[in-house]
Amino acid sequence: LAGVISGALLYIRDDFKSVDRKTVLQESIVSMAVAGAIIGAAVGGWMNDRFGRRRVLLIADFLFFVGAVIMASAPGAALLIVGRIFVGLGVGMASMTSPLYISEASPAKIRGALVSTNGFLITGGQFLSYLINLAFTKAPGTWRWMVGVAGFPALLQFILMLLLPESPRWLYRKGREEAAKVILRKIYPAHEVEQEIQDLKESVEAEIKEEGSSEKMNIIKLLKTKAVRRGLTAGVGLQVFQQFVGINTVMYYSPTIVQLAGFASNRTALLLSLVTAGLNAFGSIVSIYFIDRTGRKKLLIISLTGVVVSLGVLSGVFHETTTHSPMVSRVETSHFSNITCPDYSSALNSGAWDCMTCLKASSPDCGFCSSPTNKLLPGACLISNDTVKDMCHKETRLWYTRGCPSKYGWLALIGLALYIIFFSPGMGSVPWIMNSEIYPLRFRGLCGGIAATANWISNLIVAQSFLSLKEAIGTSWTFLIFGVISVMALLFVIIYVPETKGLPIEEIEKMLEGRALHYKFWEKGNKPHEKSQAT
(Lines give C-alpha, C1' and ligand atoms only; values in the text may rest on other atoms or scores of the structure.)
Protein backbone atom coordinates (compact mmCIF):
# COMPACT_ATOMS: atom_id res chain seq x y z
CA LEU A 1 0.00 0.00 0.00
CA ALA A 2 2.81 2.41 0.86
CA GLY A 3 5.75 0.84 -0.98
CA VAL A 4 5.32 2.11 -4.55
CA ILE A 5 3.73 5.46 -3.65
CA SER A 6 6.72 6.54 -1.52
CA GLY A 7 8.94 6.50 -4.63
CA ALA A 8 6.25 7.57 -7.10
CA LEU A 9 5.35 10.69 -5.10
CA LEU A 10 8.70 12.34 -5.95
CA TYR A 11 7.83 12.13 -9.67
CA ILE A 12 4.13 12.97 -9.20
CA ARG A 13 5.27 16.25 -7.60
CA ASP A 14 7.32 17.03 -10.73
CA ASP A 15 4.32 16.36 -13.02
CA PHE A 16 1.57 18.03 -10.98
CA LYS A 17 2.79 21.36 -9.63
CA SER A 18 -0.33 21.67 -7.41
CA VAL A 19 0.82 18.54 -5.54
CA ASP A 20 4.33 19.95 -5.18
CA ARG A 21 2.98 23.23 -3.75
CA LYS A 22 0.42 21.75 -1.33
CA THR A 23 1.58 19.26 1.29
CA VAL A 24 -2.15 18.64 2.00
CA LEU A 25 -2.42 16.99 -1.44
CA GLN A 26 0.70 14.90 -0.82
CA GLU A 27 -0.68 13.75 2.54
CA SER A 28 -4.07 13.00 0.93
CA ILE A 29 -2.49 10.85 -1.80
CA VAL A 30 -0.76 8.76 0.87
CA SER A 31 -3.44 8.69 3.60
CA MET A 32 -6.57 8.24 1.42
CA ALA A 33 -5.44 4.68 0.73
CA VAL A 34 -5.31 4.03 4.49
CA ALA A 35 -8.78 5.61 4.88
CA GLY A 36 -10.01 3.30 2.09
CA ALA A 37 -8.40 0.32 3.88
CA ILE A 38 -10.24 1.19 7.12
CA ILE A 39 -13.59 1.11 5.26
CA GLY A 40 -12.56 -2.01 3.28
CA ALA A 41 -11.64 -3.92 6.45
CA ALA A 42 -14.82 -2.84 8.28
CA VAL A 43 -17.17 -3.77 5.40
CA GLY A 44 -15.07 -6.82 4.50
CA GLY A 45 -15.77 -8.47 7.87
CA TRP A 46 -19.54 -8.42 7.32
CA MET A 47 -19.19 -9.40 3.64
CA ASN A 48 -17.03 -12.41 4.58
CA ASP A 49 -19.75 -13.91 6.74
CA ARG A 50 -22.48 -13.05 4.22
CA PHE A 51 -20.96 -13.89 0.83
CA GLY A 52 -17.97 -16.12 1.62
CA ARG A 53 -14.20 -15.65 1.70
CA ARG A 54 -13.60 -16.39 -2.00
CA ARG A 55 -16.10 -13.83 -3.34
CA VAL A 56 -14.71 -11.11 -1.07
CA LEU A 57 -11.16 -11.79 -2.35
CA LEU A 58 -12.43 -11.56 -5.95
CA ILE A 59 -14.10 -8.20 -5.16
CA ALA A 60 -10.89 -6.97 -3.43
CA ASP A 61 -8.77 -7.92 -6.48
CA PHE A 62 -11.22 -6.16 -8.81
CA LEU A 63 -11.21 -2.95 -6.70
CA PHE A 64 -7.40 -2.94 -6.52
CA PHE A 65 -7.07 -3.43 -10.28
CA VAL A 66 -9.57 -0.61 -11.02
CA GLY A 67 -7.69 1.66 -8.57
CA ALA A 68 -4.32 0.96 -10.27
CA VAL A 69 -5.78 1.74 -13.73
CA ILE A 70 -7.38 5.00 -12.47
CA MET A 71 -4.08 6.10 -10.89
CA ALA A 72 -1.95 5.24 -13.94
CA SER A 73 -4.25 7.26 -16.24
CA ALA A 74 -5.01 10.15 -13.82
CA PRO A 75 -4.83 13.58 -15.51
CA GLY A 76 -4.64 15.37 -12.16
CA ALA A 77 -4.41 15.02 -8.37
CA ALA A 78 -8.18 14.53 -7.82
CA LEU A 79 -8.43 11.34 -9.88
CA LEU A 80 -5.16 10.09 -8.38
CA ILE A 81 -6.77 10.33 -4.92
CA VAL A 82 -9.90 8.48 -6.19
CA GLY A 83 -7.62 5.69 -7.48
CA ARG A 84 -5.88 5.52 -4.08
CA ILE A 85 -9.26 5.12 -2.32
CA PHE A 86 -10.15 2.17 -4.62
CA VAL A 87 -6.75 0.57 -3.97
CA GLY A 88 -7.24 1.11 -0.21
CA LEU A 89 -10.69 -0.54 -0.25
CA GLY A 90 -9.18 -3.58 -1.97
CA VAL A 91 -6.22 -3.80 0.40
CA GLY A 92 -8.47 -3.41 3.48
CA MET A 93 -10.75 -6.26 2.37
CA ALA A 94 -7.86 -8.53 1.38
CA SER A 95 -5.84 -7.77 4.55
CA MET A 96 -8.36 -9.59 6.75
CA THR A 97 -9.81 -12.06 4.22
CA SER A 98 -6.56 -13.62 2.93
CA PRO A 99 -5.32 -14.87 6.36
CA LEU A 100 -8.86 -16.07 7.17
CA TYR A 101 -9.26 -18.01 3.90
CA ILE A 102 -5.79 -19.58 4.21
CA SER A 103 -6.38 -20.46 7.89
CA GLU A 104 -9.73 -22.13 7.24
CA ALA A 105 -8.40 -24.17 4.32
CA SER A 106 -5.20 -25.37 6.10
CA PRO A 107 -4.44 -28.44 8.27
CA ALA A 108 -3.72 -27.42 11.91
CA LYS A 109 -0.06 -28.58 11.78
CA ILE A 110 0.96 -26.11 9.08
CA ARG A 111 -1.74 -23.45 9.48
CA GLY A 112 0.64 -20.92 11.04
CA ALA A 113 3.30 -21.44 8.37
CA LEU A 114 0.80 -20.98 5.53
CA VAL A 115 -0.64 -17.76 7.01
CA SER A 116 2.97 -16.59 7.59
CA THR A 117 3.65 -17.24 3.90
CA ASN A 118 0.94 -14.68 3.17
CA GLY A 119 2.90 -12.22 5.36
CA PHE A 120 6.12 -13.06 3.50
CA LEU A 121 4.46 -12.40 0.13
CA ILE A 122 3.33 -8.97 1.44
CA THR A 123 6.81 -7.99 2.71
CA GLY A 124 8.36 -9.54 -0.41
CA GLY A 125 5.94 -7.37 -2.43
CA GLN A 126 7.20 -4.27 -0.59
CA PHE A 127 10.76 -5.26 -1.47
CA LEU A 128 9.73 -5.68 -5.14
CA SER A 129 7.98 -2.30 -5.07
CA TYR A 130 11.29 -0.60 -4.17
CA LEU A 131 12.98 -2.48 -7.03
CA ILE A 132 10.16 -1.34 -9.37
CA ASN A 133 10.75 2.27 -8.23
CA LEU A 134 14.44 1.91 -9.12
CA ALA A 135 13.67 0.22 -12.46
CA PHE A 136 11.23 2.89 -13.65
CA THR A 137 13.22 5.98 -12.59
CA LYS A 138 14.56 6.37 -16.15
CA ALA A 139 11.38 5.34 -18.04
CA PRO A 140 9.13 7.95 -19.73
CA GLY A 141 5.97 8.51 -17.66
CA THR A 142 7.92 7.26 -14.62
CA TRP A 143 5.30 7.31 -11.86
CA ARG A 144 2.45 6.07 -14.13
CA TRP A 145 4.39 2.84 -14.70
CA MET A 146 5.16 2.59 -10.98
CA VAL A 147 1.49 2.76 -9.89
CA GLY A 148 0.05 0.99 -12.96
CA VAL A 149 2.20 -2.14 -12.73
CA ALA A 150 0.66 -2.80 -9.27
CA GLY A 151 -2.57 -3.80 -11.06
CA PHE A 152 -1.00 -6.92 -12.62
CA PRO A 153 -0.67 -9.00 -9.38
CA ALA A 154 -4.34 -8.18 -8.59
CA LEU A 155 -5.42 -9.34 -12.07
CA LEU A 156 -3.34 -12.53 -11.73
CA GLN A 157 -4.82 -13.31 -8.30
CA PHE A 158 -8.36 -12.66 -9.63
CA ILE A 159 -7.84 -15.26 -12.40
CA LEU A 160 -6.26 -17.81 -10.01
CA MET A 161 -9.01 -17.32 -7.36
CA LEU A 162 -11.58 -18.40 -9.96
CA LEU A 163 -9.87 -21.82 -9.95
CA LEU A 164 -9.89 -22.20 -6.14
CA PRO A 165 -12.76 -23.52 -3.93
CA GLU A 166 -14.64 -21.63 -1.21
CA SER A 167 -13.58 -22.05 2.44
CA PRO A 168 -14.91 -25.47 3.59
CA ARG A 169 -15.78 -24.11 7.05
CA TRP A 170 -17.87 -21.28 5.59
CA LEU A 171 -19.68 -23.77 3.29
CA TYR A 172 -20.45 -26.10 6.21
CA ARG A 173 -21.83 -23.26 8.26
CA LYS A 174 -24.11 -22.25 5.39
CA GLY A 175 -25.60 -25.75 5.26
CA ARG A 176 -23.62 -26.99 2.23
CA GLU A 177 -22.14 -29.96 4.12
CA GLU A 178 -21.41 -32.19 1.12
CA ALA A 179 -19.45 -29.48 -0.76
CA ALA A 180 -17.49 -28.76 2.45
CA LYS A 181 -16.68 -32.47 3.00
CA VAL A 182 -15.36 -32.83 -0.57
CA ILE A 183 -12.91 -29.94 0.00
CA LEU A 184 -11.90 -31.14 3.49
CA ARG A 185 -11.07 -34.60 2.07
CA LYS A 186 -8.68 -32.92 -0.36
CA ILE A 187 -6.96 -30.97 2.43
CA TYR A 188 -6.65 -33.54 5.25
CA PRO A 189 -5.12 -37.05 5.24
CA ALA A 190 -7.70 -39.87 5.36
CA HIS A 191 -7.13 -40.71 9.07
CA GLU A 192 -7.73 -37.08 10.17
CA VAL A 193 -10.54 -35.94 7.91
CA GLU A 194 -13.44 -37.64 9.76
CA GLN A 195 -12.32 -36.13 13.09
CA GLU A 196 -12.14 -32.71 11.42
CA ILE A 197 -15.66 -33.06 9.94
CA GLN A 198 -16.96 -34.23 13.35
CA ASP A 199 -15.38 -31.22 15.15
CA LEU A 200 -16.89 -28.86 12.58
CA LYS A 201 -20.32 -30.52 12.88
CA GLU A 202 -20.26 -30.25 16.70
CA SER A 203 -19.20 -26.59 16.53
CA VAL A 204 -22.06 -25.63 14.17
CA GLU A 205 -24.65 -27.73 16.10
CA ALA A 206 -23.58 -26.15 19.41
CA GLU A 207 -24.07 -22.64 18.10
CA ILE A 208 -27.46 -23.50 16.54
CA LYS A 209 -28.60 -24.95 19.88
CA GLU A 210 -27.31 -21.84 21.66
CA GLU A 211 -28.90 -19.32 19.29
CA GLY A 212 -31.81 -21.11 17.60
CA SER A 213 -30.33 -20.38 14.17
CA SER A 214 -26.85 -20.34 12.72
CA GLU A 215 -27.57 -17.14 10.77
CA LYS A 216 -28.53 -14.47 13.38
CA MET A 217 -25.69 -12.27 14.58
CA ASN A 218 -25.22 -8.86 16.23
CA ILE A 219 -22.67 -6.93 18.28
CA ILE A 220 -24.46 -7.50 21.64
CA LYS A 221 -24.40 -11.29 21.09
CA LEU A 222 -20.80 -10.95 20.05
CA LEU A 223 -19.74 -9.34 23.33
CA LYS A 224 -21.93 -11.62 25.46
CA THR A 225 -20.14 -14.71 24.13
CA LYS A 226 -17.20 -15.41 26.46
CA ALA A 227 -14.92 -16.98 23.82
CA VAL A 228 -15.53 -14.09 21.40
CA ARG A 229 -14.94 -11.42 24.04
CA ARG A 230 -11.63 -13.00 25.07
CA GLY A 231 -10.65 -13.60 21.45
CA LEU A 232 -11.40 -9.97 20.53
CA THR A 233 -9.34 -8.69 23.51
CA ALA A 234 -6.30 -10.65 22.26
CA GLY A 235 -6.94 -10.06 18.52
CA VAL A 236 -7.70 -6.33 18.59
CA GLY A 237 -4.98 -5.71 21.19
CA LEU A 238 -2.34 -7.36 19.00
CA GLN A 239 -3.42 -5.41 15.89
CA VAL A 240 -3.33 -2.06 17.73
CA PHE A 241 0.06 -2.78 19.35
CA GLN A 242 1.46 -3.90 15.96
CA GLN A 243 1.15 -0.28 14.79
CA PHE A 244 1.90 1.46 18.10
CA VAL A 245 5.31 -0.18 18.58
CA GLY A 246 6.33 2.12 15.72
CA ILE A 247 7.13 -0.08 12.70
CA ASN A 248 5.96 2.45 10.09
CA THR A 249 7.84 5.22 11.86
CA VAL A 250 11.09 3.23 11.91
CA MET A 251 10.68 2.34 8.20
CA TYR A 252 9.88 6.00 7.40
CA TYR A 253 12.91 7.15 9.37
CA SER A 254 15.41 4.74 7.82
CA PRO A 255 16.96 7.34 5.40
CA THR A 256 17.63 9.64 8.39
CA ILE A 257 19.25 6.79 10.29
CA VAL A 258 21.59 6.23 7.32
CA GLN A 259 22.56 9.90 7.31
CA LEU A 260 23.30 9.61 11.03
CA ALA A 261 25.60 6.70 10.25
CA GLY A 262 27.53 9.02 7.96
CA PHE A 263 26.20 7.85 4.58
CA ALA A 264 24.87 11.15 3.30
CA SER A 265 23.87 10.50 -0.33
CA ASN A 266 20.26 10.03 -1.46
CA ARG A 267 21.13 7.00 -3.58
CA THR A 268 22.52 5.31 -0.47
CA ALA A 269 19.27 6.14 1.34
CA LEU A 270 17.22 4.58 -1.46
CA LEU A 271 19.42 1.46 -1.46
CA LEU A 272 18.96 1.27 2.30
CA SER A 273 15.18 1.28 1.80
CA LEU A 274 15.82 -1.87 -0.24
CA VAL A 275 17.89 -3.37 2.60
CA THR A 276 15.21 -2.60 5.25
CA ALA A 277 12.47 -4.04 3.01
CA GLY A 278 14.73 -7.08 2.39
CA LEU A 279 15.24 -7.59 6.15
CA ASN A 280 11.47 -7.34 6.63
CA ALA A 281 10.91 -10.06 4.01
CA PHE A 282 13.67 -12.19 5.61
CA GLY A 283 11.89 -11.89 8.99
CA SER A 284 8.71 -13.26 7.38
CA ILE A 285 10.68 -16.34 6.20
CA VAL A 286 11.92 -16.84 9.79
CA SER A 287 8.28 -16.67 10.91
CA ILE A 288 7.23 -19.38 8.40
CA TYR A 289 9.88 -21.71 9.86
CA PHE A 290 9.28 -21.08 13.59
CA ILE A 291 5.55 -20.30 13.90
CA ASP A 292 4.38 -23.94 14.14
CA ARG A 293 7.53 -25.11 15.96
CA THR A 294 8.05 -22.42 18.62
CA GLY A 295 4.43 -21.29 18.87
CA ARG A 296 2.72 -17.91 18.45
CA LYS A 297 3.11 -16.63 21.99
CA LYS A 298 6.83 -17.39 22.46
CA LEU A 299 7.53 -15.80 19.06
CA LEU A 300 5.65 -12.63 20.14
CA ILE A 301 7.57 -12.45 23.44
CA ILE A 302 10.98 -12.88 21.74
CA SER A 303 9.94 -10.34 19.08
CA LEU A 304 8.80 -7.66 21.54
CA THR A 305 11.86 -8.11 23.79
CA GLY A 306 14.09 -7.42 20.76
CA VAL A 307 11.93 -4.46 19.71
CA VAL A 308 12.26 -2.88 23.20
CA VAL A 309 16.07 -3.22 23.12
CA SER A 310 16.30 -1.88 19.53
CA LEU A 311 14.13 1.16 20.32
CA GLY A 312 16.31 1.82 23.39
CA VAL A 313 19.41 1.82 21.15
CA LEU A 314 17.76 4.14 18.57
CA SER A 315 16.53 6.51 21.28
CA GLY A 316 20.02 6.66 22.84
CA VAL A 317 21.76 7.33 19.51
CA PHE A 318 19.29 10.07 18.55
CA HIS A 319 19.73 11.66 21.98
CA GLU A 320 23.54 11.60 21.60
CA THR A 321 23.48 13.08 18.07
CA THR A 322 21.05 15.82 19.11
CA THR A 323 23.10 16.89 22.12
CA HIS A 324 26.59 16.38 20.63
CA SER A 325 26.32 17.39 16.98
CA PRO A 326 29.24 19.26 15.27
CA MET A 327 29.31 23.07 15.69
CA VAL A 328 28.74 25.53 12.84
CA SER A 329 31.94 27.45 12.04
CA ARG A 330 31.86 31.08 10.73
CA VAL A 331 35.10 30.40 8.84
CA GLU A 332 33.74 27.26 7.13
CA THR A 333 30.41 28.98 6.30
CA SER A 334 32.02 32.14 4.85
CA HIS A 335 34.14 29.87 2.61
CA PHE A 336 30.92 29.53 0.51
CA SER A 337 29.90 33.01 -0.67
CA ASN A 338 26.23 34.19 -0.90
CA ILE A 339 24.67 30.87 0.12
CA THR A 340 24.85 31.17 3.91
CA CYS A 341 21.67 30.10 5.74
CA PRO A 342 19.71 33.39 6.33
CA ASP A 343 18.61 32.35 9.85
CA TYR A 344 22.26 31.74 10.78
CA SER A 345 23.40 35.13 9.37
CA SER A 346 20.74 37.02 11.33
CA ALA A 347 21.07 35.01 14.58
CA LEU A 348 22.38 36.93 17.59
CA ASN A 349 23.75 33.73 19.14
CA SER A 350 25.25 32.23 15.95
CA GLY A 351 28.34 31.17 17.94
CA ALA A 352 26.15 28.64 19.80
CA TRP A 353 24.76 27.10 16.57
CA ASP A 354 25.45 23.44 15.91
CA CYS A 355 24.41 21.11 13.09
CA MET A 356 20.99 20.36 14.67
CA THR A 357 20.17 24.08 15.04
CA CYS A 358 21.11 24.54 11.38
CA LEU A 359 18.81 21.72 10.19
CA LYS A 360 15.89 23.16 12.19
CA ALA A 361 16.13 26.52 10.34
CA SER A 362 13.08 26.82 8.09
CA SER A 363 13.01 30.11 6.19
CA PRO A 364 14.33 28.76 3.84
CA ASP A 365 15.43 25.20 4.75
CA CYS A 366 19.13 24.86 5.53
CA GLY A 367 21.66 22.03 5.39
CA PHE A 368 24.98 21.22 7.04
CA CYS A 369 28.12 20.86 4.89
CA SER A 370 30.72 18.95 6.92
CA SER A 371 34.39 19.79 7.35
CA PRO A 372 36.53 18.33 4.50
CA THR A 373 38.99 16.74 6.94
CA ASN A 374 36.62 15.15 9.49
CA LYS A 375 32.81 15.09 9.47
CA LEU A 376 32.76 15.53 13.28
CA LEU A 377 34.64 18.89 13.15
CA PRO A 378 32.78 22.24 12.79
CA GLY A 379 31.22 22.71 9.32
CA ALA A 380 29.13 25.20 7.30
CA CYS A 381 25.41 26.06 7.57
CA LEU A 382 24.09 26.80 4.06
CA ILE A 383 20.83 27.17 2.14
CA SER A 384 19.49 23.73 1.23
CA ASN A 385 19.07 23.07 -2.50
CA ASP A 386 20.58 20.81 -5.18
CA THR A 387 23.09 23.43 -6.40
CA VAL A 388 24.50 23.97 -2.90
CA LYS A 389 24.58 20.21 -2.29
CA ASP A 390 26.67 19.74 -5.47
CA MET A 391 29.06 22.55 -4.41
CA CYS A 392 29.52 20.86 -1.04
CA HIS A 393 30.16 17.45 -2.64
CA LYS A 394 32.69 18.92 -5.10
CA GLU A 395 34.96 19.77 -2.16
CA THR A 396 34.78 16.15 -0.91
CA ARG A 397 32.53 17.23 1.96
CA LEU A 398 29.36 15.46 3.13
CA TRP A 399 25.91 17.12 2.89
CA TYR A 400 23.37 16.58 5.71
CA THR A 401 19.71 17.63 5.68
CA ARG A 402 17.90 14.99 7.80
CA GLY A 403 20.36 14.02 10.51
CA CYS A 404 23.76 15.14 11.74
CA PRO A 405 27.09 13.31 11.60
CA SER A 406 27.87 11.31 14.72
CA LYS A 407 30.58 8.91 15.86
CA TYR A 408 27.82 6.62 17.13
CA GLY A 409 25.93 6.60 13.82
CA TRP A 410 26.85 2.97 13.09
CA LEU A 411 24.98 2.03 16.29
CA ALA A 412 21.84 3.56 14.77
CA LEU A 413 22.20 1.23 11.76
CA ILE A 414 22.53 -1.75 14.10
CA GLY A 415 19.45 -0.56 16.05
CA LEU A 416 17.46 -0.24 12.82
CA ALA A 417 18.49 -3.69 11.53
CA LEU A 418 17.79 -5.34 14.91
CA TYR A 419 14.39 -3.67 15.14
CA ILE A 420 13.26 -5.03 11.76
CA ILE A 421 14.80 -8.50 12.32
CA PHE A 422 12.96 -8.83 15.66
CA PHE A 423 9.69 -7.14 14.64
CA SER A 424 9.01 -8.97 11.38
CA PRO A 425 8.82 -12.66 12.49
CA GLY A 426 6.73 -11.93 15.60
CA MET A 427 4.75 -8.68 15.73
CA GLY A 428 4.81 -8.44 11.92
CA SER A 429 3.15 -11.82 11.23
CA VAL A 430 1.54 -13.22 14.40
CA PRO A 431 -1.32 -10.66 14.86
CA TRP A 432 -2.71 -11.63 11.43
CA ILE A 433 -2.27 -15.36 12.16
CA MET A 434 -4.00 -15.12 15.57
CA ASN A 435 -6.91 -13.17 14.10
CA SER A 436 -7.45 -15.79 11.42
CA GLU A 437 -7.85 -18.64 13.93
CA ILE A 438 -8.92 -17.32 17.34
CA TYR A 439 -12.65 -16.60 16.78
CA PRO A 440 -15.61 -19.02 16.76
CA LEU A 441 -16.72 -19.86 13.21
CA ARG A 442 -19.97 -17.85 13.27
CA PHE A 443 -18.17 -14.64 14.25
CA ARG A 444 -14.90 -15.15 12.38
CA GLY A 445 -15.48 -12.73 9.49
CA LEU A 446 -16.99 -9.99 11.65
CA CYS A 447 -14.34 -10.21 14.40
CA GLY A 448 -11.51 -10.40 11.85
CA GLY A 449 -12.96 -7.26 10.25
CA ILE A 450 -13.12 -5.43 13.60
CA ALA A 451 -9.46 -6.31 14.36
CA ALA A 452 -8.23 -5.36 10.85
CA THR A 453 -10.14 -2.04 11.08
CA ALA A 454 -8.45 -1.38 14.45
CA ASN A 455 -5.08 -2.05 12.77
CA TRP A 456 -5.68 0.43 9.92
CA ILE A 457 -7.08 3.12 12.27
CA SER A 458 -3.97 2.72 14.49
CA ASN A 459 -1.80 2.95 11.35
CA LEU A 460 -3.47 6.28 10.48
CA ILE A 461 -3.15 7.66 14.05
CA VAL A 462 0.59 6.83 14.23
CA ALA A 463 1.25 8.22 10.73
CA GLN A 464 -0.61 11.49 11.44
CA SER A 465 0.77 12.06 14.95
CA PHE A 466 4.42 11.05 14.51
CA LEU A 467 5.70 14.26 12.87
CA SER A 468 3.85 16.48 15.38
CA LEU A 469 5.20 14.38 18.25
CA LYS A 470 8.73 14.60 16.84
CA GLU A 471 8.47 18.41 16.54
CA ALA A 472 7.09 18.75 20.08
CA ILE A 473 9.41 16.45 22.06
CA GLY A 474 12.21 15.42 19.66
CA THR A 475 13.04 12.16 17.90
CA SER A 476 14.82 10.55 20.85
CA TRP A 477 11.82 10.91 23.19
CA THR A 478 9.45 9.77 20.43
CA PHE A 479 11.38 6.51 20.06
CA LEU A 480 11.45 6.20 23.86
CA ILE A 481 7.62 6.47 23.92
CA PHE A 482 7.43 3.67 21.34
CA GLY A 483 9.76 1.67 23.59
CA VAL A 484 7.45 2.14 26.61
CA ILE A 485 4.43 1.10 24.46
CA SER A 486 6.41 -2.02 23.43
CA VAL A 487 6.89 -2.93 27.12
CA MET A 488 3.12 -2.56 27.61
CA ALA A 489 2.58 -4.77 24.53
CA LEU A 490 4.90 -7.41 26.05
CA LEU A 491 2.88 -7.48 29.30
CA PHE A 492 -0.36 -7.64 27.29
CA VAL A 493 0.90 -10.66 25.32
CA ILE A 494 2.02 -12.51 28.47
CA ILE A 495 -1.35 -11.97 30.20
CA TYR A 496 -4.03 -12.01 27.48
CA VAL A 497 -2.78 -13.88 24.41
CA PRO A 498 -3.37 -17.66 24.34
CA GLU A 499 -1.11 -20.20 22.59
CA THR A 500 -2.91 -21.71 19.59
CA LYS A 501 -0.03 -23.73 18.08
CA GLY A 502 -1.16 -27.09 16.67
CA LEU A 503 -4.77 -26.72 17.87
CA PRO A 504 -7.64 -27.46 15.46
CA ILE A 505 -9.66 -24.26 14.97
CA GLU A 506 -12.70 -25.70 16.82
CA GLU A 507 -10.50 -26.54 19.87
CA ILE A 508 -9.36 -22.90 20.21
CA GLU A 509 -12.95 -21.87 20.97
CA LYS A 510 -13.14 -24.46 23.79
CA MET A 511 -9.86 -23.22 25.26
CA LEU A 512 -11.08 -19.59 25.31
CA GLU A 513 -14.33 -20.67 26.98
CA GLY A 514 -12.23 -22.26 29.72
CA ARG A 515 -9.90 -19.46 30.84
CA ALA A 516 -9.27 -15.76 30.37
CA LEU A 517 -5.64 -15.26 31.35
CA HIS A 518 -2.71 -17.12 29.82
CA TYR A 519 0.41 -16.48 31.91
CA LYS A 520 2.12 -19.86 31.43
CA PHE A 521 3.31 -19.41 27.84
CA TRP A 522 6.07 -21.97 28.34
CA GLU A 523 3.55 -24.82 28.74
CA LYS A 524 2.66 -26.88 25.67
CA GLY A 525 -0.34 -25.37 23.88
CA ASN A 526 -1.89 -28.52 22.41
CA LYS A 527 -3.29 -30.25 25.49
CA PRO A 528 -6.98 -29.68 24.68
CA HIS A 529 -6.44 -31.35 21.28
CA GLU A 530 -4.83 -34.39 22.86
CA LYS A 531 -7.76 -34.59 25.29
CA SER A 532 -10.34 -34.39 22.54
CA GLN A 533 -8.67 -37.16 20.55
CA ALA A 534 -8.56 -39.39 23.61
CA THR A 535 -12.29 -39.05 24.26
Side-chain angles (χ1 to χ4, degrees), residues 2 6 23-24 26-27 30-31 34 240-261 269 276 304-328 341 343-344 347 349 352-368 381 384 400-409 411-416 418-420 422-423 427 457-492:
S6 61
T23 50
V24 175
Q26 292 170 39
E27 285 169 356
V30 175
S31 61
V34 180
V240 170
F241 277 123
Q242 185 192 59
Q243 295 300 326
F244 275 92
V245 299
I247 178 62
N248 287 326
T249 306
V250 172
M251 294 294 268
Y252 167 86
Y253 233 76
S254 56
T256 311
I257 293 168
V258 191
Q259 286 212 350
L260 281 178
T276 51
L304 282 165
T305 305
V307 162
V308 170
V309 172
S310 313
L311 286 168
V313 170
L314 285 170
S315 178
V317 175
F318 272 100
H319 177 72
E320 198 281 333
T321 49
T322 310
T323 50
H324 297 89
S325 67
M327 300 303 291
V328 173
C341 174
D343 283 8
Y344 175 69
N349 63 335
W353 272 48
D354 61 11
C355 170
M356 285 309 294
T357 324
C358 174
L359 298 194
K360 283 177 185 166
S362 57
S363 52
D365 289 341
C366 297
F368 182 79
C381 184
S384 177
Y400 293 88
T401 53
R402 297 192 188 193
C404 289
S406 160
K407 60 183 173 187
Y408 297 114
L411 253 180
L413 272 185
I414 289 172
L416 172 71
L418 278 178
Y419 180 93
I420 293 164
F422 275 107
F423 175 89
M427 281 305 284
I457 290 171
S458 306
N459 181 322
L460 198 60
I461 291 169
V462 173
Q464 296 299 325
S465 61
F466 168 70
L467 287 173
S468 317
L469 202 60
K470 175 181 149 303
E471 291 302 316
I473 60 172
T475 313
S476 172
W477 284 100
T478 305
F479 277 124
L480 199 63
I481 286 171
F482 285 134
V484 171
I485 293 171
S486 302
V487 172
M488 288 160 61
L490 187 58
L491 293 171
F492 174 84

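Atom set for the values below is all heavy atoms of this structure, side chains included, hydrogens, waters and symmetry mates excluded.
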Non-hydrogen atoms of [X] and [Y] that approach each other most closely:
X: Trp353; Y: Met327; result: O-CE, 3.4 Å
X: Ala412; Y: Leu314; result: O-CD2, 3.6 Å
X: Thr321; Y: Cys404; result: CG2-O, 4.4 Å
X: Gln242; Y: Ile247; result: O-CG2, 3.7 Å
X: Ile473; Y: Ile481; result: CD1-CD1, 3.4 Å
X: Ser486; Y: Val308; result: CB-CG2, 3.6 Å

Is the closest side-chain heavy-atom distance between [X] and [Y] below 4.5 Å?
X: Val245; Y: Tyr419; result: yes
X: Thr276; Y: Leu416; result: yes
X: Ser384; Y: Pro364; result: no

Gap between atom [atom2] of [Y] and atom [atom1] of [X] - 0.5 Å precision:
X: Phe244; Y: Met488; atom1: CZ; atom2: CE; value: 10.0 Å
X: His319; Y: Thr475; atom1: NE2; atom2: OG1; value: 12.5 Å
X: Leu490; Y: Ile485; atom1: CG; atom2: CD1; value: 14.0 Å
X: Cys355; Y: Lys360; atom1: SG; atom2: NZ; value: 10.5 Å
X: Leu311; Y: Thr478; atom1: CG; atom2: OG1; value: 11.5 Å

List the steps, then state whether ring pair (Phe, Tyr, Trp, His ring centres under 6.0 Å) holds for Phe318 with Phe479.
CA-CA 9 Å; Phe318 272 100; Phe479 277 124; 5.3 Å; yes

Before giving the answer on disulfide bond (SG atoms under 2.5 Å apart), spell out for Cys366 and Cys381 the whole-Å C-alpha distance, their side-chain angles and the decisive distance to 0.1 Å.
CA-CA 7 Å; Cys366 297; Cys381 184; 4.8 Å; no

